[in-house]
Amino acid sequence: MSESKGFNKLHKGVQKWIWSQKWTSLRDIQEEAVCPILDSDCDIVISASTAAGKTEAAFLPACSRLMEQHPNGIGILYISPLKALINDQFRRLQSLCKILDISVTPWHGDVLRSTKIKQQKNPNGIVLITPESLESLLLNRGSWCSKAFNELCYIIVDEFHAFIGTERGCQLQSLMHRLEFLIERTIPRVALSATLGDMNQVADALRPNKKLPCKIINSTVSHSDLKLQLRGYLIHAQQNERTVSSIGEIACDLYKILRGKSHLIFANSRARTEEIAARLSDMCKQDLVPNEFFPHHGSLSKEIRESLETRLQKEKFPTTAVCTMTLELGIDIGSVDSIAQVTSPHSVASLRQRLGRSGRRGEPAILRLFIPENEITVKSHLLDRLRIHTVQCIAMINLLLKKWYEPAISNKYHFSTLVQQTLSVIGQYGGVQASQLWVLLCESGPFSSIDQALFAMFLRSLAEKGLISQLGDGQLVLGYKGENLVGHYSFYTAFSTPDEYRLEFNGKVIGTVPIDKPLTQEQHIIFAGKRWEVILVDDKHKLITLKKAKGGTPPQFSGDGLNVHDIVRQEMQQIYSEKQTPVYLNEAALLALKEGFDYFHALNLDSRQIIQMGNMVHAFPWLGDRVTNTITVLLQVYGLKADSFGGVIDIRNCTLDDFFNTVKKILYVPQITSTELASNIPDTVIEKHDPFLPKTIRDIGYGSRTFDVDGAYKWLTQIVSSTHDQVEKFQPSKC
DNA sequence: GACCTGCTGCGGATTG
């Protein structure tokens, strides 16, 4: 340790703590972070997987600086997307901060008011907060903030990747910017993030206006070895009415392979999570052994989730969590023996995150993928015949091994969050000039894509809706409706949440179900891994009462589509073309893959991307969902009956001539903008405050986040020019 | 044919 350059620069008290932890050395990211954080003249992104010591990499030097500087007021502001993570970090920071005599204060909706009042009276040390609670502080206690944060040394943002490209992430950017504006000083930002494809994009998201340089610290430690298996399953046609109920064979294998140790099973949807957990519990019961399989997802009550997290942490009993994304983020559950992935993961980056949970103390990480494909019948769709799921998994594994990850989502416009931030700033200062507001939020802030003219139009629409009004001297103040909106506690979140029913058993809430997928009396359901009957639906109190029962299927949950990246589809095309056959497939997966290859080559898909079958035309751009969705809507606008799924575009009642003539028509006129394309979508109310915006403004935001117009035109141009005989048939005079 | 997150201020009753 004494040879470590970083260690020697740390404060004596911090060194003492490190000795007490019996660490023999600092990890690479910790070593590398010491100097730039101590110098505090730049922002820093620390990127590594879960449990790589990112928290210490940030806090050891940051606390060292606090010990030397002794700021008057709060020294470090730590911002986390999860309350559970704040509680974890609060526990983890205890011993270090006790030695240093720095106070740590958790600050979120579940924290006792007395704790907050204590910090309000004597602001100091480290505050661990959510974006929503920070929003409330700026809005309601602006002048307290300017004093309390006056000598703030660092802002540390945990799980930063979870914020990027989202409304909540835009809110976070705005909050950090407003805080700096308030204290008239730039504060170094430290982001702790998973590894994404382009880390410079992560730096841009951390400080969009680039007023400080950003240093990127990427973990160079290669991951421990990976043991990998892809297991194929055939779902028989007659069972196929509900995919989730045909999961029996997979559940049997999961039981045989996983029982007796601790694992995570990622099942991609809450319904499938419940189905698998219930089947696994049933098998334990049948074998008269204690149950060790439990579901974990966002609709389960906090108590049920926490008791499972604690059981995993304690490592006393073998425990397998069947889970959704909830166990992908950094909540402390220790590490598990292996990861099972049922159905294809949504992204390479998320597969990487999930893998980070496996591999105990230098043991290889173990990943098993359980991939169902549908039995082929006369009615089967091309995608089933191509065995698209198996190939998508192989593509994602190829990319994972190449260390390619999806880049962060870039999203230029967040009008819904601009509504929130506009109202919040006006509420904070009481009254603001429109020009000041534009400079703060747009010119120097995170809404930099919005020019003065667009901002003026935006403000006029807020005034029309009664959210704001203008005084004689030009000052903007909150209108009646604006006061109401800002005054309600639901104002602090940038994202919207649909109404839900609470599910209750014996007077205890066990979770929630969405209100738009109602349950009915006497219906049998699976929830929290157990089987129930609905005995009462109370619409007035949004409460559903349950009793124990047998049988049943999971309730329906709502959700949006998924977004596969261009590079994943291109990798898939290459796998088909080259007939790549990896070694980690079991016999069934191997058979499925061979069937897929045979069909791909029977259709000559290695040399063409457009085919006609019956009265349908199928297009295979081998590009991501943003591009295929854009092409699909373009074709629809020009009158074709187009639909897309899984990267393939189906056009009904269409011939190759119809298709190519339409594409020619599209290309004959100047390129449409994403906003124009969105104007054809009837309902563009998606985000929380969209109802306050006119459709013209909503379409700008909707178009830019949904469509990739350049990508679509690039493909359309290429498909026309590479199909010579079709070019001959085209007659522009007909357009 | 997808997932996830979050929340104030104040009045009134109760307790030490």
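Proteins come first, then strands; the chains are lettered A, B, ... in the order of their sequence lines, and each starts at number 1.
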Sugar-phosphate, base or nothing in reach of R354(A), heavy atoms under 4.0 Å: nothing
Base-contact (B) and sugar-phosphate-only (S) positions in nucleotides 9-16 of chain B, heavy-atom cut-off under 4.0 Å, - elsewhere: SB------
side-chain contact (heavy atoms from CB on, under 4.5 Å) partners of T343(A), counting only residues at least two apart: N268(A), R272(A), P372(A)
Distance in angstrom units between R270(A) CZ and dA2(B) C1', rounded: 8 Å
From K688(A), E132(A), Q420(A), residue fulfilling side-chain hydrogen bond (donor to acceptor under 3.5 Å, both in side chains) relative to T493(A): K688(A)
Donor-acceptor contact present, side-chain E373(A) to main-chain H389(A), <3.5 Å: yes
Minimum side-chain heavy-atom gap H296(A)-I304(A) below 4.5 Å: no
Protein-nucleotide distance (I331(A), atom CD1; dT5(B), atom C1'), rounded to Å: 10 Å
Distance in angstrom units between K83(A) NZ and dT5(B) C1', rounded: 9 Å
Residue I409(A) excluded, over 12 heavy atoms near CD1 under 6.0 Å: no
A349(A): side-chain contact (heavy atoms from CB on, under 4.5 Å) partners, not counting sequence neighbours: L196(A), S347(A), Y405(A), E406(A)
Nearest-nucleotide comparison on DNA chain B, the residue closer to the 5′ end among H296(A) and H389(A): H389(A)
Nearest-angstrom distance from the residue atom CG of N268(A) to P of dG1(B): 11 Å
Integer-rounded Å distance: dC4(B) P and E309(A) CD: 13 Å
Close approaches to DNA chain B from residues 155-169 of chain A, in residue order (heavy atom, under 4.0 Å): R168(A)
Side chain to side chain donor-acceptor pair (under 3.5 Å): pairs with one or both residues in residues 112-122 of chain A, sequence neighbours excluded: T105(A)-Q119(A)
Close side-chain approach of F160(A) to L192(A), heavy-atom, < 4.5 Å: no
R705(A): partners by salt bridge (Lys or Arg N to Asp or Glu O under 4.0 Å), with sequence neighbours left out: none
Phosphate contact (dC4(B) OP1 or OP2) by R305(A) side-chain N/O below 4.0 Å: no
Touch class at under 4.0 angstrom, heavy-atom based, for S490(A) against every strand present: base
Sugar-phosphate only, base, or nothing, as touched by T497(A) at under 4.0 Å among non-hydrogen atoms: base
Contact under 4.0 Å: S133(A) side-chain N or O vs dT8(B) OP1/OP2: yes
5'-most by nearest nucleotide on DNA chain B - G487(A) or G298(A): G298(A)
K302(A) NZ - dC7(B) C1' separation (whole Å): 13 Å
Length of the CG-C1' vector between L329(A) and dC3(B), whole Å: 11 Å
From dC7(B), dT5(B), dA2(B), nucleotide with atom closest to H346(A) side chain: dA2(B)
Sugar-phosphate only, base, or nothing, as touched by H488(A) at under 4.0 Å among non-hydrogen atoms: nothing
Centroid-centroid under 6.0 Å between F645(A) and H381(A) rings: no
For atom CD1 of I79(A) and atom P of dT5(B), their distance in whole Å: 19 Å
